[in-house]
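Below you'll find the structure, written out as structure tokens, and then a few comments.
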Amino acid sequence: MHVVHQAVVWLLTLCLAAFAGYQLALVAAARDWLRSRLASAPENKLPGITILKPVAGADPHLADNIRSFCRQRYPVDRFQLLIRSSSVDDPALEIAREVGREFPEHNVQVLDARLPQPDGLNRKVCNLVAMLPNASHPFILLSDSDMRVGPDYLRAITAPFVVNGGKGAKIGMVTAPYRGTHPESLAAVFEALAIGADFLPGAFVSRRMEGVKFAFGSTIVLPAALLQECGGLEPLRNELADDYLLAQAVLSSGHAVVLSTEMVDDVLGAPGWRESLGRRLRWMRTVRACRPAGHLGSVVTHGWVVALTLLAVTGASPFGLWAVAFTLALRLSAAELVGRCTQDLCVRRFKWWLPVADVVTFAIFVASVAGRTITWRGVRLRIGRGGRLIRTGNP
């Protein structure tokens with residue numbers, strides 16, 4: 001038994017060493033991302049762009065979110081905002097119409113929910129497919145309804161296509177990182193910490209190690225011609241990881257995906273625990289569906305839980321206490337440094353909640369490994385092989 005105990009202690013210690021290295025990598029990757037900022041394109045080279053904004057219910061502060069896409073320092077005749085819901089009775093549609101009336105000089109269209117759309121379990125994708133025929137510009141931008149952007153957003157996310165960093169890369173898609181903002185409940189605070197201290201820094205590490213092989217629903221912009229060349233959106237109507245699969249299609253076409261340095265705000269509002277935990281579980285099971293080996297290997301990133309386990313296994317020994325203190329100091333310091341790079345006020349303000357939030361995150365990780373069902377916008381679904389969505393109860 002003594003040998004087994006020592007083996008467990010050594011294993012946990014090695015996991016903590018890996019965690020320490022990972023935290024240092026997070027900070028380095030965040031700084032590397034920040035240094036990749038490009039200058040905006042000249043005014044006469046700004047491309048025409050159509051923004052597709054699918055809505056489903058009155059998200060927190062939806063009107064302000066939509067307004068932010070209208071208040072762009074971008075030629076009004078070069079961008080179009082299309083908004084649609086799959087439901088005729090969706091209250092989000094009237095909110096969108098009211099915002100549209102505030103900007104009569106802008107091309108803001110709230111599309112008829114009765115427009116034909118394909119059948120599919122990914123209702124967001126089905127909604128986007130219905131919107132596409134109304135796009136009138138050569139670039140298409142997909143953005144979720146809970147996102148809010150700054151006034152130079154369109155200039156920043158189109159810059160790689162025009163400026164191209166001087167590297168001559170064949171850019172096919174630009175996606176934008178996001179941070180949790182406006183948390184109005186403790187559940188939302190924990191969600192903002194998970195985004196800003198775990199999910200996003202992990203994406204920075206992935207970018208640095210293997211390039212950008214993913215996309216975020218916060219922002220996906222690509223040429224309409226390339227979207228058509230990649231097969232369009234319709235093949236994704238029953239896929240959970242539509243953003244990831246679209247990025248993979250662009251990469252397979254021989255084009256590069258770029259992670260913009262323009263940060264987008266994910267307006268969280270006041271979700272209850274059930275809503276927030278369900279959404280986070282869906283995200284983790286999405287990652288598991290896309291990259292199962294990486295998802296399972298991410299257990300070493302849960303350093304705080306590993307440190308607490310080591311403390312318990314060693315009977316609160318001086319070594320166990322030192323490991324806990326070291327892990328906590330490293331975790332808080334790395335979160336602060338990454339938060340400075342991303343200008344994430346939530347992470348910097350609420351980082352003291354991380355010891356509790358990390359335990360919750362680990363519990364969600366365990367749950368993500370143990371099951372295959374998700375709840376998405378009130379609909380319960382099952383994840384099949386490769387991330388394909390299946391109706392609950394279907395074989």
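Model, not experiment: these values are computed from the prediction.
Side chains of L141 and T50 form no contact here, defined as non-hydrogen atoms less than 4.5 Å apart. In this structure the side chain of T158 never reaches within 4.5 angstrom of the side chain of V174, judged on heavy atoms. Side-chain contact between L46 and R155 is present, with at least one heavy-atom pair separated by less than 4.5 Å. Looking only at side-chain heavy atoms (C-beta outward), H302 and T361 come within less than 4.5 Å of each other.
Residues V306 and L328 fall into different hydrophobic clusters, defined by Ile, Leu, Val, Met, Phe, Trp and Tyr side chains chained together at heavy-atom separations under 4.5 Å. Cluster annotation: V356 and L186 are assigned to the same hydrophobic cluster (Ile/Leu/Val/Met/Phe/Trp/Tyr, side-chain heavy-atom contacts under 4.5 Å, transitive). Cluster membership for V76 and V108, using ILVMFWY side-chain heavy atoms within less than 4.5 angstrom, is not shared. Note on L311: it clusters hydrophobically with V300, by side-chain heavy-atom contacts below 4.5 Å among ILVMFWY residues. Cluster annotation: F365 is not connected to V205 through the hydrophobic network of ILVMFWY side chains, with a link wherever side-chain heavy atoms come within less than 4.5 Å.
Open room surrounds CD on Q343; 12 or fewer heavy atoms of other groups in view lie less than 6.0 Å from it. Residue E94 qualifies as enclosed at atom CD: its count of foreign heavy atoms under 6.0 Å is above 12. More than 12 heavy atoms of other residues, nucleotides or ligands lie within 6.0 Å of CH2 in W283, so this atom counts as buried by the packing criterion.
Side-chain N or O atoms of T327 include none that pairs as donor or acceptor with a backbone N or O of A307 at under 3.5 Å. Side-chain atoms of H5 come within 3.5 Å of backbone atoms of V313 as a donor-acceptor pair (strictly under, hydrogens ignored). With hydrogens and angles ignored, the 3.5 Å screen pairs a side-chain donor or acceptor of S36 with a backbone N or O of W33. Judged by distance alone, the side chain of S68 and the main-chain N or O of G150 form no donor-acceptor pair under 3.5 Å.
Residues that satisfy the side chain to side chain donor-acceptor pair (under 3.5 Å) test with R114, not counting sequence neighbours, are D112. Residues satisfying the side-chain contact (heavy atoms from CB on, under 4.5 Å) test with T181, not counting sequence neighbours, are R179, D265, V267.
Going from atom CG of L226 over to atom NZ of K170 covers 9.0 Å, rounded to the nearest 0.5 Å. Here the CZ-CE distance, from F204 to M209, works out to 16.0 Å after rounding to the nearest 0.5 Å.
Ion pair E336/R349 not flagged as a salt bridge, since none of the NZ, NE, NH1 or NH2 atoms sits closer than 4.0 Å to an Asp/Glu carboxylate oxygen. Remark: R207 engages D32 in a salt bridge, criterion side-chain N to carboxylate O under 4.0 Å. Contact check on E191 versus R280 returns no salt bridge, with no Lys/Arg side-chain nitrogen under 4.0 Å from an Asp/Glu carboxylate oxygen. Note on D198 versus R331: salt bridge recorded, some NZ/NE/NH1/NH2 to OD/OE distance being below 4.0 Å. Electrostatic pairing of D243 and K124 counts as a salt bridge here, judged by a charged N lying under 4.0 Å from a carboxylate O.
Between the side chains of R237 and N122, no donor N or O sits under 3.5 Å from an acceptor N or O. Checked by atom type, the side-chain pair T261/R35 shows no donor-acceptor distance below 3.5 Å. In summary, the side chains of Q117 and S86 do present a donor paired with an acceptor at a separation below 3.5 Å, with no hydrogens or angles considered. Side chains of Q248 and S252: no donor on one and acceptor on the other come within 3.5 Å.
Using cut-offs of 30° and 60° for the angle between ring planes, the H106 and F103 rings count as perpendicular. In this pair, H61 and H182 present their aromatic rings tilted. The plane angle is within the 30 to 60° band.
Separation of the W304 and F19 ring centroids does not fall under the 6.0 Å cut-off. Ring to ring, Y153 and F79 are not that close: their centroids are 6.0 angstrom or more apart.
Checked against I51 for a side chain to side chain contact (heavy atoms under 4.5 Å, CB included), the options I140, L81, L142, V149 give a single hit: L81.
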Next on the checklist: Please determine whether ring-ring contact (aromatic ring centres under 6.0 Å, His included) holds for the pair F216 and F199, giving the CA-CA distance in whole Å, both sets of side-chain angles, and the decisive distance to 0.1 Å.
Outcome noted: CA-CA 11 Å; F216 299 136; F199 175 75; 5.5 Å; yes
